[in-house]
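First comes the structure, then the notes that go with it.
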Amino acid sequence: MPTQTEHVREANFDSIVGPTHNYAGLSPGNVASSTNRGEVSRPRDAALQGLAKMRALAKMGLLQGWLPPHPRPEFGVLREAGFTGDEAELVRTAAAEAPHLLARASSSSFMWAANAATVAPAPDTEDGRLHLAVANLRTMPHRRIEAPTTERILRRVFPDESRIVVHAAVEGDGLTDEGAANHTRLAVDDGPGTHFFVYGSRADSDVRPRRYVARQTLAASRAVADVLRIPESRRVFAQQHPDAIDAGVFHNDVIAVGNERVLLHHELAFLDPDSVLAELDRNLDGGLIPIRVPADRVSAEEAVRSYLFNSQLVTLPDGSMALVCPGECRDSAAVSAYLEDLVGDDANPITAVHVFDLRQSMRNGGGPACLRLRVGLRASDEEAVHPGCLYTESRYERLVDWVERWYPEELAASDLADPGLLVAARDALDELEGILELPGLYDHRS
Ligand code: SUG
C-alpha cells in the first residue's frame with residue numbers, strides 16, 4: 001500500500017459570476033458557446049445559480065469557498081487596440097467600431113474557476129507546501145487576459161507563502177495551459193496523490209484534432225507539473241482523443257472526472273486508454289477504480305450536450321461519493337438511464353446524484369465542475385485561507401442580496417456599451433470588497 005501522508009480535505013472554490021456574463025460566441029470548439037452566440041443572457045440568474053450550488057455543497061458538509069469576480073470590461077484590451085478616451089468613450093467607440101473587442105474585454109469567462117489554476121496539495125509536493133500554478137489560457141484571446149487578475153486574487157485568498165504558494169502562469173513557446181480542467185489528482189485514502197495531466201497535442205506528434213484547436217500541450221502540462229513541484233514518479237500524462245476534441249470536448253473535464261481512486265471516463269476520452277489506465281493503476285498500487293462509459297450507452301455528442309462528465313465527483317463526510325450534475329443530464333434519457341445504473345452498481349462508491357440548474361453557465365459551455373477550483377487542504381492549510389472567501393451562511397445571504405441589487409436581469413450585446421452598466425459594475429465591486437473583507441482588491445483596475 002502507498003505510504004500514509006497527512007489527511008487532505010478537498011475544498012471547492014467557485015468563482016462568483018460577473019455582472020457582464022454574456023453570450024458572445026468567443027470559444028470555437030465549445031459547442032454551447034458557438035450555438036448560443038448572440039442570445040440575451042441573464043447575469044443575475046447566472047450568479048444566483050452559482051451561489052445556490054455553493055450553498056448546497058456546503059450543506060452537504062463539504063468545504064466551500066468563493067473567488068471574487070474579475071473587473072470588466074478589461075479596458076487594457078481596448079487601449080491596446082488603439083482606442084482612447086475615458087472609460088465611457090472607450091466602450092462607446094469600441095461598440096461601434098470593434099464589437100468583438102468589447103465582447104472580449106467584457107467576458108465573464110473567469111467564472112469557470114477550474115481554468116484559474118492547477119493545484120497540488122502540500123503532502124504531494126517536494127517542499128511540503130501547497131502550490132497553485134495560475135493558468136495562462138493562451139489559446140482563446142478573451143481568456144488569456146485573465147491570468148494577471150487571477151494571480152492577484154489567488155494571492156489575496158491564499159496569503160501565507162510559508163504554507164501556500166501561488167505561481168504566475170507559465171510562459172514560453174508552445175506552452176498553452178488550461179489549468180485544472182485538464183488535471184486530476186487521484187489517491188488511495190490518505191496515500192500520496194497521483195497527478196494526472198491530459199493534453200490535446202504534443203510537438204513531436206501529428207496526432208491532433210482536425211476541426212478544432214487542441215488547447216493544451218504536453219509541454220505546458222510538464223511545465224505546470226515542474227512549477228507545482230510534483231515528484232516525477234507521481235506524474236502521469238495522457239493525450240486526449242483528437243476525435244473527442246472534434247466532437248466538442250475542448251477540455252478533459254468535459255469527458256472525464258476523477259476523485260480519490262475513481263476515474264469516471266468516456267471510452268473516447270483518451271488516445272490510448274489501456275496504457276493510461278494501467279499506468280494510473282500502477283501509480284495507485286493497484287487501487288484505481290476505472291469506470292468506463294461506453295459510446296453505445298452515452299455517445300460523445302450526448303456527453304457534450306449533457307455535460308455528464310463535467311459533474312463534480314465529491315466525497316461526502318460519511319465516505320460515500322456523490323455526483324453533482326447539471327440539469328441537462330436529467331433532460332437526457334440516455335444519461336438518466338446510465339446514472340441510475342451507476343448509482344445502483346455496488347462495484348463503485350458513487351451512491352447519489354444531485355442535480356442543479358446551472359443553465360446560464362451551461363449555455364456558454366460551463367458545468368458544475370468548470371465552476372469550481374479544487375484545492376486539497378490539510379487542517380493547517382485551512383487556517384491559512386482568507387476567511388472572507390470561505391463559505392458562511394451569513395456571507396452567502398449578503399452575497400445573494402448584493403447580486404440581487406447590482407446585477408442586470410438581462411444583458412444583450414448592445415448593453416455592453418451602456419455607461420450605466422460600467423458604473424454599476426464598479427460600484428458593485430467596491431461593495432464586494434467589504435463583504436469579502438478584501439480591501440483594495442480592485443484598486444488596480446485598468
Ligand atoms: O473556455 N466558455 C468557456 C467555458 C469553460 C469551461 N471550463 C471547463 N470546461 N473547465 C471556454 O470555452 C464562452 C464565452 C463566450 O462565448 O461568450 C467561454 O469562454
Side-chain angles (χ1 to χ4, degrees), residues 12-15 17-18 20-43 46 50 67 70 72-74 77 99-119 135-147 150 176-184 198 200 212-216 240 244-245 247-258 269 303-313 326 328 358-374 411-413 415-416:
N12 287 297
F13 284 85
D14 285 51
S15 192
V17 176
T20 60
H21 157 70
N22 72 98
Y23 300 124
L26 299 172
S27 282
N30 169 341
V31 177
S33 157
S34 304
T35 311
N36 295 307
R37 175 187 193 135
E39 294 287 315
V40 172
S41 65
R42 301 184 67 81
L67 301 174
H70 294 205
R72 289 288 180 268
E74 174 68 59
V77 170
H100 64 288
L101 279 186
L102 182 58
R104 189 182 293 175
S106 305
S107 172
S108 173
S109 52
F110 54 79
M111 66 201 246
W112 299 295
N115 302 117
T118 310
V119 184
N136 63 36
L137 299 173
R138 266 190 11 204
T139 312
M140 295 288 154
H142 69 292
R143 303 218 58 183
R144 74 169 72 120
I145 58 177
E146 291 169 29
T150 299
T176 56
D177 159 40
E178 297 281 316
N182 290 327
H183 166 262
T184 309
V198 179
Y212 296 130
V213 67
R215 293 201 199 180
Q216 178 118 13
Q240 210 179 342
I245 298 177
V249 180
F250 55 97
H251 290 141
N252 177 60
D253 69 6
V254 178
I255 198 138
V257 57
V304 170
R305 235 188 329 268
S306 67
Y307 260 40
L308 163 64
F309 298 94
N310 203 259
S311 300
Q312 289 176 249
L313 183 56
E328 285 72 1
L358 296 164
R359 200 160 301 242
Q360 283 295 310
S361 170
M362 285 286 289
R363 289 167 68 84
N364 249 342
C370 298
L371 287 162
R372 60 86 173 97
L373 182 66
R374 304 163 105 171
L411 197 72
D415 296 327
L416 294 175

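One-based numbering, in listed order, for ligands and for the atoms of each.
Asn364 contributes atom CG, which lies 8.0 Å from atom CG of Leu26 (distance to the nearest 0.5 angstrom). Between atom CD of residue Gln360 and atom NE2 of residue His21 there is a gap of 4.0 Å, rounded to the nearest 0.5 Å. Atoms CD and CD, from Gln240 and Gln216 in turn, are 9.5 Å apart once rounded to the nearest 0.5 Å. Atoms CG and OG, on Asn115 and Ser109 in that order, are 8.5 Å from each other to the nearest 0.5 Å.
Taking every heavy atom of Asn115 and a limit of under 4.0 angstrom, the matching atoms of ligand 1 come to 5 (C), 6 (C), 7 (N), 8 (C), 10 (N). With ligand atoms numbered from 1 in the order given, ligand 1 contributes 6 (C), 7 (N), 8 (C), 9 (N), 10 (N) to contacts under 4.0 Å with heavy atoms of Cys370. Below 4.0 Å from some heavy atom of Arg215 lie the following atoms of ligand 1, by number and element: 1 (O), 11 (C), 12 (O). Within the listing of ligand 1, atoms 7 (N), 8 (C), 9 (N), 10 (N) sit less than 4.0 angstrom from a heavy atom of His251. Less than 4.0 angstrom separates some heavy atom of Ser109 from each of these atoms of ligand 1: 19 (O). Counting the atoms of ligand 1 from 1 in the order shown, those under 4.0 Å from a heavy atom of Asn30 are 2 (N), 3 (C), 4 (C), 11 (C), 12 (O). The ligand atoms of ligand 1 that sit less than 4.0 angstrom from a heavy atom of Gly365 are 4 (C), 6 (C). Against a heavy-atom cut-off of under 4.0 Å, Ala181 is close to the following atoms of ligand 1: 10 (N).
With a heavy-atom cut-off of 4.0 Å, Arg37 does not touch ligand 1 at all. Contacts of Arg104 with ligand 1, taken as heavy-atom pairs under 4.0 Å, are absent altogether. Counting heavy atoms closer than 4.0 Å to ligand 1, residue Arg143 contributes side-chain atoms (C-beta onward) but none from N, CA, C or O. Using a 4.0 Å cut-off between heavy atoms, Leu137 makes no contact with ligand 1 at all.
Counting protein heavy atoms only, atom 17 (O) of ligand 1 is closest to Ala24 N, 3.1 Å. Distance from atom 10 (N) of ligand 1 to its nearest protein heavy atom, with residue and atom name: Asp253 OD2, 2.7 Å. Summary of contacts: the protein heavy atom closest to atom 11 (C) of ligand 1 is Ser27 OG, 3.4 Å. The shortest contact between atom 15 (C) of ligand 1 and any protein heavy atom is with Asn364 OD1, 3.3 Å.
Nearest heavy-atom pair, Leu371 versus Ala113, reported as atom, atom and distance to 0.1 Å: O-CB, 3.7 Å. In this structure, Pro326 and Ser311 approach most closely via the heavy-atom pair CD-OG, 4.0 Å. Scanning all heavy atoms of the two residues, the minimum distance from Val304 to Ala247 falls at CG2-O, 3.5 Å. The two residues Asn36 and Tyr23 have their closest heavy-atom pair at O-CB, 3.4 Å.
The N/O atoms of His142, backbone and side chain alike, include one that comes under 3.5 Å of an N/O atom in ligand 1. The distance criterion of under 3.5 Å between nitrogen or oxygen atoms is met by Ser33 with respect to ligand 1. Checked by distance only, ligand 1 and Tyr23 stay at 3.5 Å or farther apart across all their nitrogen or oxygen atoms. Of the N or O atoms in Gly25, one or more lie within a sub-3.5 Å distance of an N or O in ligand 1.
Relative orientation of the Phe110 and His70 rings is parallel, given thresholds of 30° and 60° on the angle between their planes.
Within 6.0 Å of CZ on Arg363 lie more than 12 heavy atoms contributed by other residues, nucleotides or ligands.
Using a distance-only test at 3.5 Å, with no hydrogens or angles considered, a donor-acceptor pair links the side chain of Thr139 to the main chain of Arg215. In this structure, the side chain of Asn136 does not engage the main chain of Thr176 through any donor-acceptor pair within 3.5 Å.
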Test log, rule salt bridge (charged side-chain N to carboxylate O under 4.0 Å, His left out), inputs Glu74 and Arg72
CA-CA 5 Å; Glu74 174 68 59; Arg72 289 288 180 268; 3.7 Å; yes
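Under the 4.0 angstrom criterion for non-hydrogen atoms, Asn22 is in contact with ligand 1.
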